[in-house]
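Below is one structure, written out as structure tokens, with a few remarks after it.
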Amino acid sequence: MSVISRIIGTGSFVPKKFVTNHDLELMVETSEEWITTRTGIRERRICVNESTSEIASKAGRAALEAAGVSPQEIDLVIVATVTPDMSFPSTACFVQSELGIKAGAAAFDVSAACSGFLFALDCADRYVKSGGFSKALVIGVDVFSRLIDWTDRATCVLFGDGAGAVVLSAETGARGILSSHVHSDGSHWNMLYARGHVETNPFEKEEPKEAHLVMQGNDTFKFAVRTMGAAITETLEASGLKTEDIALLIPHQANIRIINAMRERLKLEDDRVFTNIEKYGNTSAGSIPLAFDEAVREGRLKENDIVLFVAFGGGLTWASSAIRW
Ligand code: UT7
């Protein structure tokens, strides 16, 4: 029988500090009304003296506990992030160390911005299905609060920090990842990017460049609606499913208007689309696994339900996958 990657546990973590729209009114020229009506966001969580690997490890530990799997059983750790603690080692290596995952397990990071978790899930699925790896920990995490310009009202109101995780197990039943698709178009890299802190060497003469996140909001919005719609169709077709089969759609939580546009296009009822953007804003790679964990813990899923994930992000990147829960 062929191997399927089943998600046997989920976990998530968000920092304690929350920042409301009213708090932001005191920092930039914005309003509670503008932020809620244009984005659906009411508050977001922000890391205070907490690193990406710390919040990733907390989400990972919760997923291991939910799965009833010990760190010693994990042979693959993939962390999706564009806000790692360091250039190297990878955040996954820090997580491996923090959680006591066995030495010799493979641990590495994946960079695909807000689509990162689905790229990491796709990667782990292929590793598991090809044999040699029986239990994988996949984490999506970002700390965008350290990447954005807190004086730029067009971007600082949109993002928050958070992490989510799943444990995959190599199994032979019908439940698991049914199909998974990842795409990129690097020619539009400048629609959404962050250089980060760029050093020069003594042989270069570089003018300092913008280190913070830069985004063409309107273009990204249109791109998101277009690609996520196409990605859902692709995944449904590849899995032999129809829109009616979707028990729960878990989209990247970037803007409630993007999610509603997609929901209307698919003619999905409200209760078949999971959103938690009002509480966390856009947590980039953390967004889908954080939403998924909440949906699981709220009892929104029953055995054999079809769940669809769909995301888009900087790169540009977009991705989708379908699972039988
Ligand atoms: O994970 C991927 C990350 N990126 C995204 O998902 C972003 C996708 N894009 C969006 O979500 C939306 O384009 C935004 C929420 C970023 C912007 O909403 P919009 O409806 O596209 O607004 P806009 O950019 O067309 O701006 C409308 C107005 C502008 O003023 P004028 O030029 O009409 O006078 C902005 O300056 O709103 C102004 N504005 C604000 N006003 C109050 C922009 N940001 C703010 C703000 N508060 N925070």
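Note that these values count all heavy atoms, side chains included, but never hydrogens, waters or copies made by symmetry. Computed from a predicted model, the values in this text were never measured in an experiment. Counting starts at 1 for both ligands and their atoms, in listed order.
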Could you list the atoms of ligand 1 found under 4.0 angstrom from a heavy atom of [X]?
X	result
T39	15 (C)
F312	2 (C), 6 (O)
V157	48 (N)
C114	1 (O), 2 (C)
L192	2 (C), 3 (C)

[atom] - nearest protein heavy atom and its distance:
atom	result
atom 11 (O) of ligand 1	N255 ND2, 2.7 Å
atom 6 (O) of ligand 1	A254 CB, 3.2 Å
atom 5 (C) of ligand 1	M215 SD, 3.8 Å

My understanding is that we take every heavy atom of each candidate and find the minimum distance to [atom]. Doing that for [options], which one comes out nearest?
atom	options	value
atom 30 (O) of ligand 1	R257, R38, R153	R153
atom 17 (C) of ligand 1	F159, W34, F221	W34
atom 46 (C) of ligand 1	N218, T30, V225, N282	T30

Purely on distance, is any nitrogen or oxygen of T220 under 3.5 Å from one on ligand 1?
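No: no nitrogen or oxygen of T220 is under 3.5 Å from one in ligand 1.
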Look only at interatomic distance and state if G217 has a nitrogen or oxygen under 3.5 Å from any nitrogen or oxygen of ligand 1.
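Right, the criterion is met.
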Got more than 12 heavy atoms from elsewhere within 6.0 Å of CZ, R263?
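Correct, the count exceeds 12.
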